[in-house]
There are 2 protein chains.
Amino acid sequence: MKLTSKGRYAVMALVDLAKFNDINPVSLRDISLRQGISLDYLEQIFSKLRKKEIVQSVRGTQGGYVLNKKAKEIKLTNILDAVDEKVKTVQCKKELKKGCNGKATKCLTHNLWDELETHINNFFDKKSLEDLVQDNIERRV
Amino acid sequence: MKLTSKGRYAVMALVDLAKFNDINPVSLRDISLRQGISLDYLEQIFSKLRKKEIVQSVRGTQGGYVLNKKAKEIKLTNILDAVDEKVKTVQCKKELKKGCNGKATKCLTHNLWDELETHINNFFDKKSLEDLVQDNIERRV
DNA sequence: ATAAACCCGACTAAAATAGTCAAGTATCAT
DNA sequence: ATGATACTTGACTATTTTAGTCGGGTTTAT
């Protein structure tokens, strides 16, 4: 299972973006400043988000990024997938043909990790960017 | 969030152990052979499990390890905690005083990771070693 | 006695992470 | 036109984590 800063940054940045989305393209510089994330790193992250069509870029002065879909339609799964934060509980899955740990049969805990993966993915499938923005506004009030 | 081979090995090894537990102490050598896990690595892992009183050791020839509690009473949370696989979704939690990402306030996604952590921990709290052994026997039949 | 096992601490190669850096290209405002 | 702003791309790198390895113990059944 992987879940690191890259995924967290991606989600944070998109929540930030979603809040300002209606008005203008949002520059990474602004997100960088507001969220305290390295600009160079953000560029890497947004490059991936763009390739997966989660955001669109607007080049030139006054440029930046805008959401490519409605916030409600962007699920956390999409975001984390885009930045390669696969929710993989174990290597078991990688090498299905030859079983787990190089053995011919499934390892003793194979089903467990499968279940966990489903459990976590359910969580991410339900949450949309809109939920997060909403959650955020409410808490501030 | 961390969930790597160490945690997986710990769980696998304990399921193995639990299956043979009634008869004799189980040596790490046997577990190593059956599960394809390095003996030296297993020793590190069991050292931690022993310190957290999940297993007891029996030294000398014919020695090995036995469960220190009933399989039903050993939850996955206990196992993963013991080997330092804290289910930490993010650093946010480490530095609560100064907020997230060095900012004075909670980061935009703080609540999200909190929720996820709870979600995962619920899963681990419900699963006992007995469940896993049972699951395993059933599948074989 | 000796072999089987646990016990312990230090070391290390490889991979992953979280960036940084350099050299672009596109576009807007003036 | 031209400069400033901002995206684009790819390569590089320091640090940390992971998954071990290694070398020495100590204990105990036989």
Side-chain angles (χ1 to χ4, degrees), chain A residues 1-13 17 20 24-33 35-52 54-66 68 80 83-86 88-92 94 101-102, chain B residues 1-13 17 20 24-33 35-52 54-66 68 80 83-86 88-92 94 101-102:
Chain A
M1 162 99 195
K2 254 170 55 181
L3 230 177
T4 63
S5 288
K6 183 153 59 177
R8 187 168 90 256
Y9 288 168
V11 178
M12 280 174 67
L17 177 55
F20 294 85
N24 275 320
V26 181
S27 73
L28 294 189
R29 194 176 145 278
D30 287 354
I31 296 179
S32 168
L33 290 173
Q35 304 304 327
I37 303 170
S38 141
L39 176 59
D40 283 312
Y41 204 25
L42 273 178
E43 284 179 341
Q44 280 185 35
I45 291 170
F46 272 75
S47 165
K48 293 181 174 186
L49 293 174
R50 185 172 53 86
K51 276 170 193 152
K52 288 294 168 69
I54 290 169
V55 296
Q56 265 192 339
S57 67
V58 179
R59 301 185 70 156
T61 320
Q62 304 295 97
Y65 287 91
V66 290
N68 201 24
L80 296 174
V83 297
D84 298 319
E85 293 265 50
K86 317 228 156 81
K88 262 204 180 333
T89 39
V90 275
Q91 278 93 330
C92 288
K94 279 190 204 151
N101 251 25
Chain B
M1 161 99 196
K2 256 170 53 184
L3 229 178
T4 63
S5 289
K6 184 153 59 180
R8 187 169 90 254
Y9 288 168
V11 178
M12 281 174 67
L17 177 55
F20 293 84
N24 275 319
V26 181
S27 74
L28 293 189
R29 193 175 146 278
D30 287 354
I31 296 179
S32 167
L33 290 173
Q35 303 305 327
I37 304 169
S38 142
L39 176 59
D40 284 313
Y41 203 25
L42 274 178
E43 285 182 339
Q44 280 184 36
I45 291 169
F46 272 75
S47 164
K48 292 182 175 186
L49 293 174
R50 186 172 52 86
K51 277 170 193 151
K52 288 292 168 68
I54 289 169
V55 296
Q56 265 192 340
S57 67
V58 179
R59 300 187 72 159
T61 320
Q62 302 296 96
Y65 287 91
V66 290
N68 200 23
L80 297 174
V83 298
D84 298 320
E85 294 266 51
K86 317 226 154 83
K88 261 203 181 335
T89 39
V90 276
Q91 278 93 329
C92 287
K94 280 189 204 152
N101 251 27

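Just so it is clear, the values below take in all heavy atoms, side chains as well, and ignore hydrogens, waters and symmetry mates.
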- Query: Do the side chains of B:Phe46 and B:Ile31 get nearer than 4.5 Å, heavy atoms only?
  - Reply: yes
- Item | Contact under 4.0 Å: B:Ser38 side-chain N or O vs D:dA19 OP1/OP2 | no
- Task: Measure across B:Gly63 and B:Pro25 and return the closest heavy-atom pair with its distance rounded to 0.1 Å.
- Result: C-CB, 3.9 Å
- Query: Partners of A:Glu43 by side chain to side chain contact (heavy atoms under 4.5 Å, CB included), sequence neighbours excluded?
  - Reply: A:Leu28, A:Leu39, A:Asp40
- Message: Does C:dC6 have its OP1 or OP2 closer than 4.0 Å to a side-chain nitrogen or oxygen of B:Ser27?
- Response: no
- Message: What is the separation between atom OH on A:Tyr9 and atom C1' on C:dG19, rounded to the nearest whole Å?
- Response: 9 Å
- Please state how far atom CG in A:Leu33 lies from atom P in D:dA6, giving the value in whole angstrom units. 10 Å
- Query: So does A:Arg59 reach the base of C:dT25 with its side chain, donor to acceptor, closer than 3.5 Å?
  - Reply: yes
- Message: Can you give me the closest heavy-atom contact between B:Ser32 and B:Ser38, atom names plus distance?
- Response: OG-C, 4.2 Å
Sequence neighbours left out, cut at 3.5 Å: what donor-acceptor pairs do the side chains of residues 54-61 of chain A make with other protein atoms?
none

- Query: Of all of residues 43-52 of chain A, which get a heavy atom below 4.0 angstrom from DNA chain D, listed by number?
  - Reply: A:Glu43, A:Gln44, A:Arg50
- Query: How is B:Val26 classified with respect to the nucleic acid when contacts are heavy atoms under 4.0 Å: base, sugar-phosphate, or nothing?
  - Reply: sugar-phosphate
- Message: Nearest heavy atom decides the nucleotide; on that basis, is B:Arg29 or A:Asp40 closer to the 5' end of DNA chain C?
- Response: B:Arg29
- Message: If I take atom CD in residue B:Gln35 and atom P in nucleotide D:dA19, what distance separates them, rounded to the nearest angstrom?
- Response: 17 Å
- Item | side-chain N/O A:Thr61 vs C:dT27 OP1/OP2, d < 4.0 Å | no
- Message: Would you say B:Thr4 places a side-chain N or O within less than 4.0 Å of OP1 or OP2 belonging to D:dA19?
- Response: yes
- Message: Nearest whole Å is fine: how far is C:dT20 P from A:Leu39 CG?
- Response: 9 Å
- Item | Smallest separation among heavy atoms of A:Gly7 and A:Leu80, with atom names | CA-CD2, 3.8 Å
- Message: For D:dT13 and A:Tyr41 - does any side-chain N or O of the residue sit under 4.0 Å from the phosphate oxygens OP1/OP2?
- Response: no
- Side-chain N,O (B:Tyr65) to OP1/OP2 (C:dA5) below 4.0 Å: no
- Message: Is there a side-chain contact between A:Tyr65 and A:Leu49 in this structure, where contact means two heavy atoms from C-beta onward sitting under 4.5 Å apart?
- Response: no
- Gap between atoms CG and P, on A:Asp30 and D:dA6 respectively (whole Å): 7 Å
- Note on the structure: Whole-Å distance, B:Leu42 CG to D:dT21 C1', equals 14 Å
